[in-house]
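Values in this document were obtained by computation on a predicted structure and should not be read as measured data. We use all heavy atoms of the structure for the numbers below, so side chains are in, but hydrogens, waters and symmetry mates are not.
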Amino acid sequence: MDAPRSGIKFIMLTVMLDAMGIGLLIPVAPRLVQELAHTTDAATGAVAGWLYATYALMQFLFAALLGVLSDRFGRRPVLLVALFGSGLDYIAAAFAPTLLILFITRAINGATGASVTVANAYVADITPGEKRGAAFGMTMAAFGMGFVLGPLIGGLIGDPSHHIPFLGLGNIRYPFYAAGALTLLNWLYGLLVLPESLPRSLRGPIRWKRSNPLGAFKGLGRYPLVAELGVSLFFLSAAQFMLHTTWLLYTETRYLWTARTVGLSLFTVGVATTIVQAGFAGRIIKKIGEKRAIVIGGMISVLAFAGYGTVPQGWMIFVIISFASFAGIAQPAMQSLITRTVRADEQGATQGAIAALTSIAAVIAPPVGGKVFEYFTARPDLKLPGATFYLSSLLAAVAVVVAWWAVRKVRVGEPAAVGM
């Protein structure tokens, strides 16, 4: 099998499973938290938000370290160790008897799930600069596929009222078994076929200052374009992660959706995102340029978030999802500019810093989203269940402004000249 082709296939599966690890929890986490902690519906959202934050915090703490280690020892061993750890941890989470144990398993899974840092560096290693926009579009498509499978699995086999052939009724713990089995199968596949992407001649020393979460950002100072795009990605990520805690709660409250309908809606998100990013992102970015793709994609996010919080009928959510999927052209365009700006031996560390920024957003946003939802729905005089979506729209607008400022002087084909 051709080495780059087998490597790309493995990376797509890895990114997809990372996304699945996040997505499968959305339809089931609030109910699992409620089962273990015996909380009320009102308190469940806040606790579930902290569960998401725990996962994200560990990603933040370990993303830079994994990136730096991959710059020194190669991408392959770091990816395989992280995958094996994730697979075992999913199985452990399925058996969690208490809320504390569930939090511990999610913490461990967050640390091993930080391998997306190394996956992005792997793509940069084996893809020519002019093709990275399309390559990262495919990576984002794999992430979207994870959001197809994750919520779908969570919504179907995690719904206690849904009968599953050979298994009986659904169980909120079943999604963890499925994710663990798939992750371990992918680890075995990688063990057998994954080639190394980083030649020994390009491996640098371990930069310990950049292996800690805060030290990782120091290296970005030499690349102002990367730093500014990283800030934009932070706000876009915060806008998205804020909805992970409240999507189930919002749609249940406003549209009386069940866990299965929630899973179906997120399945639609994944399908639409995959179609756009796998079939159109590369072409759109090539046609309109990375600068326009970043700004236009961000503006679509602004409008979509506002729409989610406004529409009066549940079926309208599915219409907005179709429109919102085109926002997916922004992140591949950003990643393309970022990877073409930094040196080959700094790709892992740079991706680690970007992933760390995203993880900070994922630490902060879910608890904030849960609190905003609770505040604007608990009191009769402040009945505004869409408040979290409006806040997400505002954050996306900030991201657009920052991105526009970052790329305004970039010349086509010369991103590396900016801020060097």
Side-chain angles (χ1 to χ4, degrees), residues 12-32 48 52 90 137-165 167 169-183 186 239-281 300-301 304-305 307-308 311 313-328 331 366 389 392:
M12 297 301 104
L13 281 171
T14 300
V15 172
M16 181 188 73
L17 291 171
D18 281 339
M20 182 186 296
I22 302 170
L24 69 85
L25 281 182
I26 297 176
V28 299
R31 296 295 163 248
L32 182 56
Y52 286 111
Y90 279 124
M138 291 297 294
T139 302
M140 294 301 296
F143 190 89
M145 183 60 71
F147 259 95
V148 170
L149 297 176
L152 188 62
I153 291 172
L156 292 179
I157 71 175
D159 188 341
S161 66
H162 181 61
H163 185 271
I164 305 170
L167 292 178
L169 292 178
N171 188 295
I172 54 179
R173 296 174 185 266
Y174 284 174
F176 294 94
Y177 291 115
L182 290 172
T183 302
N186 190 40
Q240 184 64 46
F241 288 130
M242 195 167 291
L243 307 185
H244 288 183
T245 304
T246 58
W247 186 264
L248 172 67
L249 301 173
Y250 172 76
T251 53
E252 278 187 342
T253 298
R254 190 163 189 182
Y255 309 121
L256 303 180
W257 283 7
T258 64
R260 292 177 62 187
T261 309
V262 170
L264 179 61
S265 69
L266 295 172
F267 168 79
T268 305
V269 170
V271 169
T273 300
T274 301
I275 291 173
V276 169
Q277 293 181 337
F280 300 104
I300 292 174
S301 292
F305 288 133
Y308 289 139
V311 293
Q313 300 293 328
W315 64 267
M316 297 178 182
I317 293 290
F318 290 87
V319 177
I320 297 175
I321 287 172
S322 300
F323 166 74
S325 64
F326 285 92
Q331 290 195 27
F389 294 90
S392 289

Which heavy atom in I275 sits nearest to a heavy atom in F280, and how many Å separate them?
->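 Closest approach of I275 to F280: O-CD1, 3.5 Å.
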
Mind checking side chain to side chain contact (heavy atoms under 4.5 Å, CB included) for [X] and listing every partner two or more places apart, or none if nothing turns up?
X	result
S301	L236, F305, A327, A396
P175	L24, V28, I153, I157
F267	V148, L152, L264, V271
T246	L243, F373, T388

Scan residues 173-182 for pairs that pass salt bridge (Lys or Arg N to Asp or Glu O under 4.0 Å), counting only residues two or more places apart or in two chains.
->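 Counting only pairs at least two positions apart or across chains, the salt bridge (Lys or Arg N to Asp or Glu O under 4.0 Å) contacts touching residues 173-182 are E35-R173.
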
Any residue meeting ring-ring contact (aromatic ring centres under 6.0 Å, His included) with F323, in chain and number order, not counting sequence neighbours =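 F323: no ring-ring contact (aromatic ring centres under 6.0 Å, His included) contacts found.
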
Those residues that, when tested against [X], pass side chain to side chain donor-acceptor pair (under 3.5 Å) (two or more places apart):
X	value
Q240	none
S265	W247
Y250	R254, Y255
T268	none

Drop me the distance from T261's OG1 to E252's CD, to the nearest 0.5 angstrom.
->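 Going from the OG1 atom of T261 to the CD atom of E252 covers 9.5 Å.
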
When rounded to the nearest 0.5 angstrom, what is the spacing between CG in L149 and CG in L266?
->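 Atom-to-atom, L149:CG and L266:CG are 12.5 Å apart.
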
N/O donor to acceptor pairs below 3.5 angstrom from side-chain atoms of residues 313-321, sequence neighbours left out:
none

Side chain of T183, backbone of G180: donor and acceptor closer than 3.5 Å?
->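 Side chain of T183 to backbone of G180: no pair is present.
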
